[in-house]
Q: 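Attaching a single structure in structure tokens format; questions to follow.
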2 protein chains.
Amino acid sequence: MRQKTTAAERRAGLAAAERACSRSGKKLTPLRRRVLELVLNAGKPVGAYNLLKSLRADGFSDAPPTIYRTLEFLQAQGLVHRIAKSNTFVACSRPHDDHFGLIFVCRQCGGAVELEEQQVIADIGCCAGRLGFQMSRQVLEVEGTCRDCGAAL
Amino acid sequence: MRQKTTAAERRAGLAAAERACSRSGKKLTPLRRRVLELVLNAGKPVGAYNLLKSLRADGFSDAPPTIYRTLEFLQAQGLVHRIAKSNTFVACSRPHDDHFGLIFVCRQCGGAVELEEQQVIADIGCCAGRLGFQMSRQVLEVEGTCRDCGAAL
DNA sequence: CTCGTAACGTTATACTGTAACATCATTACA
DNA sequence: TGTAATGATGTTACAGTATAACGTTACGAG
């Protein structure tokens with residue numbers, strides 16, 4: 001599974017952050033910008049305490065609330081997703097629009113690929129409707145083995 | 001969202017456990033049986049440490065490995081699902097067959113409803129196929145607000 | 001200028017989960 | 001029947017994840 005982020009993708013992610021913040025009237029502070037950069041640079045899901053270590057090197061506070069608050073902000077802007085099954089965070093692949101994504105996470109390499117599948121979303125929305133259930137914006141996590149790791153077995 | 005389990009459902013869950021164990025050659029010990037009962041009785045997702053408290057009252061060890069090992073066993077038998085987004089465990093609604101389920105979890109009341117939607121599963125399988133991704137059996141978690149909680153707002 | 005608010009820092013702690021090893025029970029088999 | 005192998009459970013200790021509560025700083029609005 002691809003684990004690199006191109007320079008273009010990183011720029012696009014930061015540009016999306018600028019737009020998201022100006023749209024919502026929030027500020028993309030140096031801390032928030034830096035955390036987003038770290039997540040973008042990782043190119044795959046990364047843990048909160050790993051990010052925290054990097055922040056220390058940059059002179060920011062390395063206490064847990066620092067990173068959790070910042071990630072919460074980035075999530076609220078739709079720039080970062082939390083992957084509950086592995087307690088990690090990953091940059092959103094389509095930060096330009098509110099979406100309901102589908103993310104495939106490899107158990108072996110930890111890599112992740114995010115898709116937006118209209119058909120799946122529509123079907124799930126239909127189920128939710130029958131249940132009278134209101135979905136919130138989120139990503140669905142699908143665990144398994146990616147092509148590269150499967151081939152390596 | 002419905003949060004009760006009927007006596008019939010509890011009996012069915014335990015009967016399924018007997019079958020699953022005899023099929024796999026594993027033993028449904030008193031501890032395992034009791035934990036499954038507790039999860040069935042809860043009728044909604046329940047945390048590991050809550051279960052642990054109940055075990056203490058029954059004279060079992062209340063150290064964390066007790067409950068995590070037992071839940072792992074029950075998951076392997078397909079009797080219990082883990083809900084990563086809330087770090088909880090819930091009885092499987094269809095313990096009779098290996099399946100790939102879709103579970104709707106209410107943020108307000110913590111209740112959950114599990115569906116098996118062939119169309120959704122097929123669509124996701126199709127995406128996975130295009131990615132060369134091998135899915136493992138699991139449940140997809142959809143977060144939101146259930147009918148009752150939504151009506152109460 | 002100062003007030004209000006948002007952002008960030010700091011301390012402490014709660015919650016969730018696992019590693020490693022000991023003990024006990026059961027089964028199979030010499 | 002002894003005993004070895006295995007599976008199940010108990011026990012201790014700790015690692016990893018996350019949040020509460022409160023203090024401090026920065027900064028724009030009035």
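Chain letters run A, B, ... following the sequence lines, proteins first and then strands; every chain starts at 1.
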Q: Are any of the side-chain heavy atoms of V113(B) and I103(B) separated by less than 4.5 Å?
A: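 With C-beta onward as the side chain, the pair stays apart.
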Q: When you measure from the side chain of Y68(A), which nucleotide among dG10(D), dC8(C), dA18(D) comes out closest?
A: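 From the listed options, dA18(D) comes nearest.
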Q: Looking at every strand, decide which applies to F73(A) at a 4.0 Å heavy-atom threshold: base, sugar-phosphate, or nothing.
A: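 F73(A): no heavy atom of the nucleic acid under 4.0 Å.
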Q: Roughly how many Å is it from CD in E72(B) to P in dA8(D), rounded to a whole number?
A: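 Whole-Å distance recorded here is 12 Å.
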Q: Distance check needed: dT16(C) P versus N50(B) CG, whole Å only.
A: 8 Å
Q: Check E143(B) with R137(A), please: is the shortest side-chain N to carboxylate O separation under 4.0 Å?
A: no
Q: When the distance from CZ of R34(B) to C1' of dT9(D) is rounded to whole Å, what number comes out?
A: 17 Å
Q: Taking atom CD of E37(B) as the centre, does the number of heavy atoms from other residues, nucleotides or ligands within less than 6.0 Å exceed 12?
A: yes
Q: Using a 4.0 Å cut-off on heavy atoms, which residues in residues 80-92 of chain B reach DNA chain C? List them by number, or say none.
A: R82(B), N87(B)
Q: Between A48(A) and G59(B), name the one whose nearest nucleotide on DNA chain D is closer to the 5' end.
A: G59(B)
Q: Under 6.0 Å from the six-membered ring centre of F73(A) and within 45° of its axis: does the NZ or CZ of R32(A) meet both?
A: yes
Q: Which one, dA18(D), dG10(D), dA7(C), comes nearest to the side chain of Y49(A)?
A: dA18(D)
Q: Filter on ring-ring contact (aromatic ring centres under 6.0 Å, His included), then keep only pairs touching residues 105-153 of chain A, sequence neighbours left out; what's left?
A: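 Applying ring-ring contact (aromatic ring centres under 6.0 Å, His included) to every pair that reaches into residues 105-153 of chain A, excluding sequence neighbours, yields F133(A)-F104(B).
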Q: Which pairs, protein N/O on one side and nucleotides 20-28 of chain C N/O on the other, fall under 3.5 Å?
A:
none

Q: Relative to the 5' end of DNA chain C, which residue comes earlier, T70(A) or A63(A), by the nucleotide with the nearest heavy atom?
A: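 This one resolves to T70(A).
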Q: With a cut-off of less than 4.0 Å, is there a side-chain N or O of S61(B) near OP1 or OP2 of dT9(D)?
A: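 The answer is no; no side-chain N or O of S61(B) sits under 4.0 Å from OP1 or OP2.
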Q: May I ask you to decide whether R130(A) forms a salt bridge with E117(B), counting only side-chain N to carboxylate O separations under 4.0 Å?
A: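 Looking at E117(B) together with R130(A), the answer is yes, because their closest N to O distance falls below 4.0 Å.
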Q: When you compare the side chain of K53(B) with that of D62(B), does any pair of heavy atoms fall below 4.5 Å?
A: no
Q: To the nearest angstrom, how far is L55(B) atom CG from dT11(D) atom P?
A: 13 Å
Q: In whole Å, I'd like the distance from the CG atom of L28(A) to the P atom of dA6(C).
A: 17 Å
Q: Nearest to the side chain of P64(B), which nucleotide is it out of dT18(C), dT10(C), dG9(C)?
A: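 Among the listed nucleotides, the one closest to the side chain of P64(B) is dT18(C).
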Q: Within this structure, what is the NZ-to-C1' distance between K53(A) and dA15(D), rounded to whole angstrom?
A: 13 Å
Q: Do the charged groups of E116(B) and R94(B) touch, with an N to O distance under 4.0 Å?
A: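 Yes, E116(B) and R94(B) are salt-bridged.
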Q: Please state how far atom CG in L52(B) lies from atom P in dT11(D), giving the value in whole angstrom units.
A: 12 Å
Q: Salt bridge or not for E72(B) and R69(B), using N-O below 4.0 Å?
A: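 Salt bridge flag = no for R69(B) with E72(B).
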Q: How close or far is atom P of dG10(D) from atom CD1 of I67(B), stated in whole angstroms?
A: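 Going from CD1 in I67(B) over to P in dG10(D) covers 11 Å.
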Q: So, does E9(A) use its side chain to make a donor-acceptor pair with the main chain of T6(A) at under 3.5 Å?
A: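 Yes, E9(A) side chain to T6(A) backbone: donor-acceptor pair under 3.5 Å.
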